[in-house]
> 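The structure under discussion is supplied below as structure tokens; questions concerning it will follow.
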Amino acid sequence: MGEAPRRELTSERLRRELNFQVPEELARRVREAAAIRAKILKCLEGREMTVREIAREAGIPESVVFWHLMTMYKYNLVEPAEKTEDGLYKYRLKRGR
Amino acid sequence: MQKILERAEAAGEQLSYDAVVIGGGIAGMEASLSLADMGYRVLLVEREPTIGGKMFLLSKVFPTLDCASCIATPKMAAAARHPNITLWTYSEVRRVRALDRGAFEVDILRKPRFVNESLCTGCGLCEDACPVVVPKELDFGLRGRKAVYIPLDTAVPRKAVVDIDNCILCGQCERRCPAGAIDFTQKPRVYRVRARAVVIATGCRPFPAELKEAYGYGRTPNVITALQMERLLAPTRPYNAVLRPSDGREPGNIGYVLCAGSRDVTAGNPRCSQVCCMYSIKQAQLLLGALPLADVTIYYMDVRAYGKGFEEFYQRARSMGVKFVRGRVARIEGLPNGDVRVMYEDVEEGRLKSAVHDLVVLAVGLLPDNEVLKAFEGVTIHTDELGFVKVDPEDPVRTNVEGVFAAGCITGPKDIPDTILEAAAAAMRCAAFLKEVEARQT
Ligand SMILES: Cc1cc2nc3c(=O)[nH]c(=O)nc-3n(C[C@H](O)[C@H](O)[C@H](O)COP(=O)(O)OP(=O)(O)OC[C@H]3O[C@@H](n4cnc5c(N)ncnc54)[C@H](O)[C@@H]3O)c2cc1C
Ligand code: SF4
Ligand code: SF4
């Protein structure tokens with residue numbers, strides 16, 4: 001008896017029906033954001049850092065680091081650690097993630 | 001979405017209700033619940049994927065400082081569960097036609113969530129899997145959300161929705177969903193509904209702060225709006241604490257600019273927005289709770305503390321140490337370290353001054369969210385010069401069209417107690433109208 005053919009996902013079906021190509025601008029944004037998130041996560045491997053420290057090390061503007069960091073905080077990838085004297089939090093990879 | 005909308009199909013069934021309530025904010029929910037409790041069958045139509053309007057985004061409410069979610073969430077649940085209320089979220093009213101006295105035909109587009117609501121458990125695993133991040137509307141861009149998302153933890157319904165405009169159809173969500181709820185075969189459907197009355201409760205939208213160019217909103221990351229500050233202070237907040245967007249630092253010195261886009265002819269809105277003084281005073285008090293060492297300064301023209309307990313609330317802010325500076329702010333500019341300089345005319349001293357803050361909050365005014373009025377065919381709902389629905393001064397929930405009632409901020413900016421009062425009044429008037437129509441028909 002042969003293996004049953006895999007059922008087409010509904011996302012695949014819509015792709016086919018619409019002859020869907022990811023718009024270039026959207027693809028670029030997704031790639032850029034993924035690269036930023038990867039850099040931030042790499043910085044935080046095994047240590048705790050402030051937004052300023054991550055921004056310096058990753059070469060990304062502080063506001064961009066903070067925006068992605070807070071998005072990853074919401075999705076349980078990072079968590080705040082202690083607060084420094086100048087009002088900045090240190091962040092670390094979420095324990096047990 | 002355009003390509004998806006082209007796939008819209010007409011729904012076969014003819015549905016009929018006593019009333020269609022448009023807008024699921026506190027006004028629409030209250031009006032629906034009151035009508036439903038009187039035994040009328042209501043269709044509550046909300047444009048967004050969740051009901052709740054502005055109120056469920058707020059931190060606490062003035063002057064009692066009760067938790068906004070604690071009041072709004074049970075109402076949201078009650079509206080969703082009431083046997084006499086049918087709730088359609090993520091739906092657009094396309095056309096309203098008055099056929100006869102007490103007879104309306106309403107065309108409603110139900111947009112596909114691409115999630116089977118009866119299967120979705122709201123577990124959020126699809127969000128974790130999705131690779132696309134875009135600014136989150138309900139946090140006014142303060143952080144990101146995924147292309148598939150649950151609007152907020154307190155959303156009703158607490159179900160995922162796919163933002164098809166930002167979806168790359170990678171299928172990750174579908175592979176991850178343990179309930180098999182993701183369904184890209186869903187199509188938009190247009191329903192033709194018969195109703196005997198209509199209640200407009202589409203509320204307000206904030207004045208677009210970027211239009212007040214001199215205030216730097218959109219160019220200066222640490223100039224935010226009061227709605228953004230509500231989010232920073234709310235239990236469902238986007239950050240781990242009250243932090244400024246440019247670098248995540250806790251602000252120690254916060255400035256409020258009142259009447260940003262209200263009482264300002266140059267901004268096209270000469271009217272007072274009624275709630276900005278009080279919500280700023282509320283936020284100032286909450287900030288002093290969250291950041292006990294912070295300085296909060298409010299730049300104002302005059303404080304309109306007109307309601308019950310408002311003057312005491314204002315005096316309490318003063319006694320807590322909130323600084324009130326009588327002055328019209330002329331210009332706001334960002335400094336290289338992220339701080340913000342406010343240039344203002346000190347009315348008491350009669351001279352120009354400037355001050356530097358870590359974070360500046362614009363107390364933006366409220367404008368009507370009146371797109372739906374364009375859907376009315378054959379009749380025109382009268383509005384005032386700013387676009388708020390005009391009501392009969394003797395009967396302030398009745399519009400110029402018989403059988404069409406209005407409540408909440410769509411008839412003018414107002415606070416939550418006044419909105420609730422008006423919504424209950426609209427429900428009573430609507431019920432009286434339905435009775436009258438019934439009596440004629442029998
Ligand atoms: C920053 C800020 C702080 C505030 N703080 C307080 C406070 O502390 N205390 C207080 O009493 N008041 C406060 N208010 C005022 C309060 O938010 C309003 O009184 C209240 O939200 C009005 O409710 P509403 O239902 O009329 O409108 P909204 O809350 O605006 O709800 C309208 C609903 O209609 C929906 N809608 C719009 N158009 C359509 C359409 N075409 N089809 C279907 N649905 C549609 C919207 O999506 C929304 O869900 C504050 C306001 C702001 C801006
Ligand atoms: S769609 Fe599936 S994965 Fe997403 S919240 Fe619903 S049940 Fe969970
Ligand atoms: S199909 Fe769309 S919503 Fe689902 S994971 Fe991919 S991008 Fe996100």
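The sequence lines fix the lettering, A, B, ..., with proteins before strands; numbering per chain opens at 1.
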> Do the side chains of A:R13 and B:F184 get nearer than 4.5 Å, heavy atoms only?
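A side-chain contact under 4.5 Å is absent here.
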> For B:D358, which atoms come within 4.5 Å of any heavy atom of chain A: side chain, backbone, both, or neither?
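The answer is neither part of B:D358.
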> Shortest non-hydrogen contact from B:D247 to A:V51?
O-CB, 3.4 Å
> Within the 4.5 Å heavy-atom criterion, are A:M70 and B:N240 side-chain neighbours or not?
yes
> Show the nearest heavy-atom pair for residues A:R15 and B:I168, with the distance to one decimal.
NH2-O, 2.9 Å
> Can you give me the closest heavy-atom contact between B:Y239 and A:Y73, atom names plus distance?
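Residues B:Y239 and A:Y73, closest heavy atoms: C-CE2, 3.7 Å.
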> Chain B: which of A:V65, A:T84, A:L88, A:L9 shares the most heavy-atom pairs with it under 4.5 Å?
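Looking at each of A:V65, A:T84, A:L88, A:L9 in turn, A:L9 comes out on top.
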> Less than 4.5 Å to any heavy atom of chain B: does that hold for the side chain of A:L18, its backbone, both, or neither?
both
> Counting N and O atoms only, with roles assigned by atom type, does the side chain of A:Y89 sit under 3.5 Å from a partner on the main chain of B:L243, one being a donor and the other an acceptor?
no
> Given that the side chain runs from C-beta out, which part of B:C173 has a heavy atom under 4.5 Å from chain A: side chain, backbone, both or neither?
neither
> Which of the residues A:A33, A:S63, A:A27 is involved in the greatest number of heavy-atom pairs with chain B at under 4.5 angstrom?
A:S63
> Let's test your reading of the structure: which of B:A147, B:C167, B:P251 forms the most heavy-atom pairs below 4.5 Å with chain A?
B:C167
> Distance from A:K74 atom NZ to B:R143 atom CZ, nearest 0.5 Å?
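So the gap between those two atoms works out to 5.5 Å.
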> Against chain A, label B:N222 side chain, backbone, both or neither, depending on which of its atoms sit under 4.5 Å from a heavy atom there.
neither
> Looking at every non-hydrogen atom in both residues, tell me the closest pair between B:R249 and A:D86 and how far apart they are.
CD-O, 3.0 Å
> Tell me, do B:I4 and A:L14 make a side-chain contact under 4.5 Å, heavy atoms counted?
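In short, these two side chains touch, coming nearer than 4.5 Å.
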> Looking only at heavy atoms and a cut-off of under 4.5 Å, which of A:R29, A:K83, A:Q21, A:M72 has the most pairs with chain B?
A:K83
> At a 4.5 Å cut-off on heavy atoms, which part of B:A241 comes close to chain A: side chain, backbone, both, or neither?
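For B:A241, side-chain heavy atoms alone lie under 4.5 Å from chain A.
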> At a 4.5 Å cut-off on heavy atoms, which part of B:V162 comes close to chain A: side chain, backbone, both, or neither?
neither
> Is the count of non-hydrogen atoms from other residues, nucleotides or ligands lying under 6.0 Å from B:E210 atom CD greater than 12?
yes
> Where is the tightest heavy-atom contact between A:S11 and B:G171, given as atom of each residue plus distance?
OG-CA, 3.3 Å
> Any donor-acceptor pair under 3.5 Å linking the side chain of B:E174 with the backbone of A:T10?
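Pair found, side chain donor or acceptor close to backbone of A:T10.
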> Rounded at 0.5 Å granularity, tell me how far CG in A:L77 sits from CG in B:D128.
7.5 Å
> Would you name the heavy atoms of A:F66 and B:R244 that are closest together and state the gap between them?
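Of all heavy-atom pairs spanning A:F66 and B:R244, the closest is CE2-O, 3.6 Å.
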> Could you tell me which portion of B:L291 (side chain, backbone, both or neither) has an atom closer than 4.5 angstrom to a non-hydrogen atom of chain A?
neither
> Does B:G141 offer a backbone N or O that forms a donor-acceptor pair with the side chain of A:W67 under 3.5 Å?
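Between the backbone of B:G141 and the side chain of A:W67 there is a qualifying donor-acceptor contact (under 3.5 Å).
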